Each structure stands twice: as structure tokens, then as C-alpha cells.
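Structure first, commentary second.
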Amino acid sequence: MWVGNKEIKSPIIIAPMAGISNDAFIQLCFEFEAGLAYGEMVSDKAIFYKNVRTLKMLEFSQENHPLSLQLFGSDITTMAYAAKYIDQKTDCDFIDINMGCPVNKVVKTGAGSAMMKDEDNTVRIVKKIVESVSKPVTVKMRLGYDNQHLNYLSLSKKLEDVGVSAIALHARTRTQMYSGKADWSHIKILKDNLSIPVFGNGDVKTVEDFDRMRQETGCDGVMIARGLVGNPFLIKKIADHLQGKENSELSYNDKLDYCLKHAEKLKKLKGEKIAVSEMRGIAVHYLAGMYNSTSYKEKINRMRSYDELCGIVEEFRKELNDYYLNKDQII
């Protein structure tokens with residue numbers, strides 16, 4: 001598909017996830033053949049005021065393409081400034097406007113999902129951004145603020161008219177947060193009414209989910225989010241499936257290797273202290289479903305260093321090797 005003047009060669013789209021979608025994670029996503037990846041959302045005000053930590057979040061490895069950087073805010077002046085900064089100072093391929101984040105600290109500033117409450121003001125902001133940058137501008141939104149205000153279709157049509165190149169729809173409302181079930185029927189409605197590409201988002205955690213969303217909605221791309229945390233291998237499974245290859249299944253040894261690879265990349269990116277803190281919440285997902293993983297998850301939650309994580313993983317690997325060896329002997 002084409003999004004603006006850029007070609008996306010695969011419908012596997014990696015969603016922006018706060019605290020997850022950094023350079024370390026996205027490198028793994030492209031290694032597994034993602035079609036497009038979004039960096040985690042960044043604040044327009046933080047860019048405007050040259051916050052060092054935020055500007056660092058805009059830096060990604062050269063191999064990470066095609067890449068979208070996502071911006072959140074609600075002020076037309078600082079949003080346009082931040083978009084121009086991203087356009088001119090980064091090597092990303094797309095600039096995305098966040099209209100989907102449901103968390104209170106974002107919504108109370110008028111940003112994220114709150115942008116859907118005032119269509120006219122939101123369209124003015126997006127129009128200004130489109131006119132200010134050379135890169136294609138996209139939008140990620142929800143169905144609406146709540147069930148009484150499902151305005152995704154009317155807003156999307158207006159955004160298409162002012163030059164937005166694609167829209168990703170998370171098929172929940174703001175008030176749903178991440179609970180309940182995503183209603184994919186709205187993704188089909190959006191696809192049937194727009195000429196620009198539509199990405200469907202919500203509750204895709206398996207190859208079967210990926211196929212079903214495409215079949216039920218006709219969407220151009222399927223955006224995967226929480227199903228990838230500690231499980232970037234899902235991207236490879238879907239990529240192989242799309243290419244007609246035998247469904248790939250990584251061994252537990254491979255998964256443990258990638259857990260450590262992720263941690264190593266994160267340590268290089270953010271330093272050991274922050275990397276270890278973030279890996280406490282990520283590494284446990286890499287171990288999910290493995291034999292006797294509970295006790296090792298508890299150890300990971302208490303770890304304080306990268307070397308300690310390596311020791312825990314290698315201890316777990318040895319137990320798994322012994323378990324499967326003995327199991328084979330019994331069989």
C-alpha cells in the first residue's frame with residue numbers, strides 16, 4: 001500500500017506503546033519483518049521547550065524504516081512547531097497525531113482522546129500540521145470519547161479532506177480504556193467510507209486474529225500492540241503466514257535469547273538502571289507459557305542489574321533443558 005508518497009510493503013503495523021516502542025524494541029520488530037512501526041508518543045510542549053529526554057526519544061537507528069513518530073498535544077502553535085521539528089530534524093517517514101491515548105494526565109490537557117471532543121479545533125490543528133511539513137501526516141484515533149459520541153467517521157472524513165494520509169482506528173472508546181472487546185465492525189465502516197488507507201487496531205494477539213481482522217474489515221493494515229510485548233515473534237509468524245511459509249515457532253531457547261538481546265539493546269539505549277527497571281515488566285512476558293516460569297518471574301521482579309537478569313535467564317534455561325531432557329527420556 002501507499003501512505004502519501006511512501007510505500008508500505010507489509011500490512012503488519014506496530015502500534016505506538018508508551019514505555020515499549022523505543023529503538024531497542026523497534027529494532028527487533030523490523031528484524032522480524034514488520035511493515036511499519038510507530039515510536040512511542042512524544043509531547044509537543046516537551047519538543048518546544050527542548051526537553052533533552054524527549055528529544056532523545058526521537059532518535060532511532062538507521063535500519064528502522066519505515067518509521068512513524070507520534071506527537072501528542074492540543075495547542076496549534078506548539079503542535080505545528082513540534083511537527084516541523086520532527087519533519088526537519090529526524091529521519092522518520094511519517095508524522096502521526098495521537099487522538100487515542102485515554103490516560104487522564106494526557107486527556108486533561110485536551111490531548112489524546114480528548115481531541116475527538118472538538119472536531120473543528122482538531123481539524124484546524126491537523127490542517128496546520130499538514131501544511132507545515134513535507135512528510136505524510138497520519139492520525140491514530142478511537143471510536144469516540146464514549147459510546148454516546150462515536151464520531152470517528154465524521155472526524156476521519158474531515159481529516160482526509162485536509163490531507164491526512166492514513167488513519168489507524170483503535171476500535172474502543174476513550175471511556176473503555178483497554179477493557180472490554182474491540183468492535184471491529186467500525187473499522188469496516190471506516191474503510192468503506194475513506195479513500196486513504198485504514199489500519200485496524202484492537203485485540204490482535206494471534207495469526208488467526210490478524211487474518212480475521214483483515215477478512216472482516218478489509219483494512220489495509222493490522223496494527224498490533226500489547227500482543228507484542230515480550231512476544232515480537234508474532235510478527236515473524238504473521239510474515240511467514242503471509243508469504244505462504246510454514247508457520248514459524250521459536251524454541252524456548254530462542255525466546256530466552258531474544259529476551260536478553262532486548263535487554264542488552266535497552267541497556268545500550270537508556271543505561272543499565274532504566275533498562276533493568278523497564279525489563280522487569282517486559283522480561284516476564286518473554287517467559288510466559290513456559291514450564292515453571294512463575295518462580296523466575298518473581299525473581300525478575302526483584303532483579304537490580306543486567307547481570308542478575310542474565311543469571312536468572314540462564315538458570316531458567318538450565319531448568320528447562322533438564323526438564324525437557326528428562327521428559328524425552330520418560331517418553
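This chain uses plain numbering: 1 for the first residue, then up along the sequence. Not measured: the values here are computed from a predicted model.
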Shortest non-hydrogen contact from [X] toward [Y]:
X      : Y      : result
Cys259 : Ala283 : SG-CB, 3.8 Å
Met279 : Ile300 : O-CG2, 4.2 Å
Phe72  : Ala111 : CD1-CB, 4.0 Å
Gln176 : Gly180 : NE2-CA, 4.3 Å
Tyr152 : His186 : OH-ND1, 2.7 Å
Phe94  : Pro66  : CE1-CB, 4.1 Å

Is there a path of hydrophobic side-chain contacts, each under 4.5 Å between heavy atoms of I/L/V/M/F/W/Y residues, joining [Y] to [X]?
X      : Y      : value
Tyr38  : Met115 : no
Leu169 : Val123 : yes
Ile13  : Val207 : no
Ile8   : Ile12  : no

Crowded around [X] [atom1]? As in, over 12 foreign heavy atoms under 6.0 Å?
X      : atom1 : result
Lys135 : NZ    : yes
Lys108 : NZ    : no
Lys128 : NZ    : no
Glu246 : CD    : no

Margin query: Applying side chain to side chain contact (heavy atoms under 4.5 Å, CB included) to Val276 and Leu266, what does each step give before you reach the verdict?
Written below: CA-CA 8 Å; Val276 168; Leu266 202 54; over 6 Å; no
Step by step, work out the side chain to side chain contact (heavy atoms under 4.5 Å, CB included) result for Thr217 and Met213.
CA-CA 6 Å; Thr217 71; Met213 178 179 278; 4.0 Å; yes
Between Tyr252 and Tyr324, does the ring centre distance come in under 6.0 Å?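 Ring centroids of Tyr252 and Tyr324 are less than 6.0 Å from each other.
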Tell me if a side-chain donor or acceptor on [X] pairs with a main-chain N or O of [Y] at a distance below 3.5 Å.
X      : Y      : result
Asp87  : Ser134 : yes
Glu278 : Ile20  : no
Asn51  : Ile47  : no
Ser61  : Glu63  : no
Trp184 : Gly202 : yes

Out of curiosity, [X] [atom1] to [Y] [atom2], how far, rounded to the nearest 0.5 Å?
X      : Y      : atom1 : atom2 : answer
Asp75  : Thr109 : CG    : OG1   : 10.5 Å
Lys237 : Lys245 : NZ    : NZ    : 15.5 Å
Ile167 : Cys219 : CD1   : SG    : 14.0 Å

Salt bridge present between [X] and [Y] (N-O < 4.0 angstrom):
X      : Y      : answer
Glu314 : Arg317 : yes
Asp192 : Lys188 : yes
Lys299 : Glu315 : yes
Arg124 : Asp120 : no
Asp93  : Lys6   : yes
Lys127 : Glu131 : yes

Are the side chains of [X] and [Y] in touch, meaning some heavy atoms are under 4.5 Å apart?
X      : Y      : result
Val137 : Ile97  : yes
Leu320 : Met290 : yes
Tyr296 : Val284 : no
Asp23  : Lys265 : no
Phe60  : Gln27  : no
Phe199 : Val3   : yes
Lys89  : Leu58  : no
Ile26  : Leu67  : yes

Show me the donor-acceptor pairs within less than 3.5 Å that the side chains of residues 30-37 make with the rest of the protein, sequence neighbours left out.
residue, atom, partner, partner atom, Å
Glu31, OE1, Lys261, NZ, 2.9
Glu31, OE2, Tyr258, OH, 2.8
Glu31, OE2, Lys261, NZ, 3.0
Glu33, OE1, Gln243, NE2, 2.9
Glu33, OE2, Lys236, NZ, 2.7

Evaluate the side chain to side chain donor-acceptor pair (under 3.5 Å) criterion for residues Glu40 and Asn22: first the C-alpha distance (whole Å), next the side-chain angles of each, then the deciding distance (0.1 Å), finally the verdict. CA-CA 7 Å; Glu40 60 184 308; Asn22 49 52; 4.6 Å; no
_If you apply the rule side chain to side chain donor-acceptor pair (under 3.5 Å), what do you find for Thr78 with Asp44, and how did you get there?_
CA-CA 6 Å; Thr78 51; Asp44 64 329; 2.7 Å; yes
Legend entry - Stepwise side chain to side chain donor-acceptor pair (under 3.5 Å) check, Asp183 with Ser185: CA-CA 6 Å; Asp183 188 346; Ser185 66; 2.6 Å; yes
- prompt: Step by step, would you call Asp161 with Lys157 a salt bridge (charged side-chain N to carboxylate O under 4.0 Å, His left out)?
  reply: CA-CA 6 Å; Asp161 288 343; Lys157 287 181 175 179; over 6 Å; no
ask   = Applying the side chain to side chain donor-acceptor pair (under 3.5 Å) test to Asp203, which of His170, Arg212, Arg172 qualifies?
value =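 The single option meeting the side chain to side chain donor-acceptor pair (under 3.5 Å) with Asp203 is Arg172.
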Identify all side-chain donor-acceptor contacts of residues 220-235 below 3.5 Å with residues at least two apart in sequence or on another chain.
residue, atom, partner, partner atom, Å
Asp220, OD1, Lys191, NZ, 3.2
Asp220, OD2, Lys191, NZ, 2.9
Asp220, OD2, Val198, N, 2.8
Asn231, ND2, Gly227, O, 3.2

Side chain to side chain contact (heavy atoms under 4.5 Å, CB included) evaluation trace for Arg174 with Val107:
CA-CA 9 Å; Arg174 185 267 164 171; Val107 170; 3.8 Å; yes
Quiz item: Going by atom types only, do Glu119 and Asn151 share a side-chain donor-acceptor pair under 3.5 Å?
Solution: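 Distance-only check passes for Glu119 and Asn151.
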Worksheet entry | Polar contact flag, side-chain donor to acceptor under 3.5 angstrom, Asp96-Ser68 |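 No donor-acceptor contact under 3.5 Å links the two side chains.
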Using the rule given for side chain to side chain contact (heavy atoms under 4.5 Å, CB included), can you reason through Met116 versus Thr173, listing the C-alpha separation, both sets of side-chain angles and the distance that settles it, and then say yes or no? CA-CA 10 Å; Met116 299 192 70; Thr173 63; over 6 Å; no
Tyr145 six-ring face occupied by Lys117 cation (under 6.0 Å, within 45°)
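Yes, cation above the ring, under 6.0 Å and within 45°.
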What class does the angle between the rings of Tyr291 and Tyr323 fall in, given that below 30° is parallel, 30 to 60° is tilted and above 60° is perpendicular?
parallel
